[in-house]
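Remember, it's 1-based here, ligands and their atoms both numbered in the order they're listed. Predicted model, so just to flag it, every value in this text is computed and none were measured. Computation of the quantities below employed the complete heavy-atom set of this structure, encompassing side-chain atoms and omitting hydrogens, waters and symmetry-equivalent molecules. When a residue number appears, it is its place in the shown sequence, counting from 1.
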Amino acid sequence: MITQWTQAQRAEKMNPSVIREILKVTEKPGIISFAGGLPSPLTFPIPEFAAACAKVLTEDGKSALQYAASEGFGPLREQVAASLPWQVDPNQILITTGSQQGLDLLAKILIDKDSPIVVETPTYLGALQAFTPMEPKVVAVKSDDEGIDIADLKAKVSNEAQGARFLYVLPNFQNPTGRTMTEARRAALSAACMEMGLPIVEDNPYGELWFDQAPPLPLAARNPDGCVYLGSFSKVLAPGLRLGFMVLPKALYPKILQAKQAADLHTPSFNQRVASAVMRGDFLTRHVPMIRKLYKSQRDAMLAALEREMPVTSGNADVSVTWNKPDGGMFLWLRLPVGMNAVELLPKAVDKNVAFVPGAAFYAENADPRTMRLSFVTATVDQINIGMKALAEAIKESMQSGAQNLKKAA
Ligand SMILES: Cc1ncc(COP(=O)(O)O)c(C=O)c1O
């Protein structure tokens, strides 16, 4: 008899990400890609890791290669707690296998089938992927350049998102838009969530990557019992380590810990010890400014190339390409003129050896087809210059053919 594999209904919800399918076309050799969310490998502290690996194995090899506590390596939990800008007990820290795991654990513990959760729009695609298998009702709340729209949040929480399990929000250098929530909006959001009793999941992998000025205080610092805070070492050390952390309210810690045990027992002991050894002393205070400087120069190169190359009719966003100026992080958000569609533009851009991610992938609902995400950190300045020129050509050609089609139709 032929073996029959019957998949759970939830597996049906786990559609292959549209974005991964789209991005397959960007894997062609020689392409300049602004698509991936990959930190620059120039920032990986390879010699420091080589030294720390040797040190950990020599001094602590037996523990480093043994099973360990699910909560995480004690000294690393202490380092994390001490690095945060509000009072955190190391016992509230759970070391995770990347902050992505934190999203998955939260989904398992907080979401029932059809329970509402609230997200910004657009938002991080990987979070939607982590939440969706638990079959929530995802309610998207509008956001603008200052952050989430509080009036819309309140309206949704009184209606379709009543009893929402949490609000998922990225206040710093958001993925995908690169924007940062202002101090005023954070204060208002924090007050509104306290008033509504709405828990917050605050995801902050990019907060350290500011260019001129540190972002305002996290939401978790304003109401620690009402927030879960997710942090990551992927952007300040290296993503291949798969190291992140959660700061959990005491009420939530035991259940999330159980979910973590079921998922992977614990985050690799060796990686935790090596990262802890690398960060001992003032390593990050020397290392992170180097990343900020590099990424700022790449952001500046991209902004200058956009100014130079893109079709802009001053004061008319309908017929112009428009973009924002992120104050940190890795991404910039670009909007095409009216009538254009970034998904349709992508193959034309790929023909010219340049790639981006169409913004539609990041919306839980009502996607804006004109948007795209551009990463400015993976490509070199030369590649940024060449790639932006090619992208602008693809856009101009599409605008011209769009105008011709309109004429023909008329
Ligand atoms: C907003 C956001 N959250 C979480 C993650 C996952 O990061 P990690 O490497 O820590 O799992 C990413 C990765 O790009 C991200 O952009």
Side-chain angles (χ1 to χ4, degrees), residues 17 19-20 23 33-41 43-44 72 76 80 83 93-107 117 119-132 140 143 147-148 166-181 200-210 215 218-220 227-247 256 260 263-264 266-268 271-272 275 279 284 288 291 295 326 328-333 356-357 359 361-364 373-378:
S17 139
I19 199 167
R20 299 227 180 281
L23 290 181
S33 180
F34 304 116
L38 308 181
S40 168
T43 67
F44 301 161
L76 183 61
V80 168
S83 72
I93 307 287
L94 177 66
I95 304 293
T96 54
T97 305
S99 58
Q100 186 68 29
Q101 183 178 51
L103 296 168
D104 181 66
L105 301 179
L106 286 167
I117 60 167
V119 300
E120 294 169 279
T121 187
T123 191
Y124 170 51
L125 181 68
L128 295 175
Q129 284 178 314
F131 302 151
T132 306
S143 42
I148 200 155
F166 59 82
L167 160 69
Y168 171 69
V169 67
L170 284 129
N172 296 328
F173 321 123
Q174 199 226 26
N175 181 1
T177 61
R179 67 188 165 210
T180 296
M181 200 182 294
I200 296 177
V201 172
E202 178 174 25
D203 193 4
N204 187 24
Y206 303 102
E208 286 298 322
L209 307 181
W210 49 266
L219 298 163
C227 292
V228 169
Y229 178 91
L230 301 172
S232 175
F233 295 103
S234 292
K235 288 17 187 235
V236 291
L237 285 179
L241 284 170
R242 307 308 305 126
L243 274 185
F245 63 89
M246 304 174 88
V247 185
I256 298 281
K260 163 84 181 156
D264 64 354
H266 62 80
T267 294
N271 295 16
Q272 294 189 63
M279 292 188 293
L284 286 183
V288 175
I291 307 178
Y295 288 2
M330 300 179 15
F331 306 112
L332 182 149
W333 194 237
F356 56 83
V357 186
F362 301 98
Y363 288 80
R373 187 190 75 178
L374 295 169
S375 161
F376 48 81
V377 303
T378 323

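Atom 14 (O) of ligand 1 has Lys235 NZ, 3.0 Å as its closest protein atom, hydrogens excluded (heavy atom only). Protein heavy atom nearest atom 11 (O) of ligand 1, with residue, atom name and distance: Arg242 NH2, 2.8 Å. Atom 16 (O) of ligand 1 has as its closest protein heavy atom Tyr206 OH, 2.5 Å. Regarding atom 5 (C) of ligand 1, its nearest protein heavy-atom neighbour is Tyr124 OH, 3.4 Å. Among all non-hydrogen protein atoms, the one lying nearest atom 9 (O) of ligand 1 is Ser234 OG, 2.6 Å. Of the protein's heavy atoms, Asp203 OD2, 2.6 Å lies nearest to atom 3 (N) of ligand 1.
Looking at Gln174 and Thr177, their side chains do bring a donor and an acceptor atom within 3.5 Å of each other. For Tyr124 and Asp203, the side-chain atoms include no donor-acceptor pair closer than 3.5 Å.
Contacts of Gln174 with ligand 1, taken as heavy-atom pairs under 4.0 Å, are absent altogether. At a heavy-atom cutoff of 4.0 Å, ligand 1 is contacted by both the backbone and the side chain of Ser99. The proximity of Leu170 to ligand 1, defined as any non-hydrogen pair under 4.0 Å, is limited to the side chain.
Near Ser232, the atoms of ligand 1 lying under 4.0 angstrom from a non-hydrogen atom of the residue are 8 (P), 10 (O). Near Gly98, the atoms of ligand 1 lying under 4.0 angstrom from a non-hydrogen atom of the residue are 10 (O), 11 (O).
In terms of the side-chain hydrogen bond (donor to acceptor under 3.5 Å, both in side chains) criterion, Thr132 has no residue partners (sequence neighbours excluded).
Within the 4.0 Å heavy-atom cutoff, Pro205 counts among the residues contacting ligand 1.
When all heavy atoms are compared, the tightest approach of Pro176 to Arg373 is O-CG, 3.4 Å.
Asn271 CG to Thr97 OG1: the interatomic distance, rounded to the nearest 0.5 Å, is 8.5 Å. With rounding to the nearest 0.5 Å, the separation of CG in Leu284 from CG in Leu237 is 5.5 Å. Interatomic distance, CZ of Arg179 versus CG of Leu332, reported as 12.0 Å (0.5 Å rounding).
By the 3.5 Å distance cut-off applied to N or O atoms, Tyr168 is not counted among the residues near ligand 1. Considering backbone and side-chain N/O atoms, Thr97 never comes within less than 3.5 Å of an N/O atom of ligand 1.
Remark: aromatic rings of Phe331 and Phe34 are distant, center separation not under 6.0 Å.
Ring planes of Tyr363 and Trp333: tilted class, angle from 30 to 60°.
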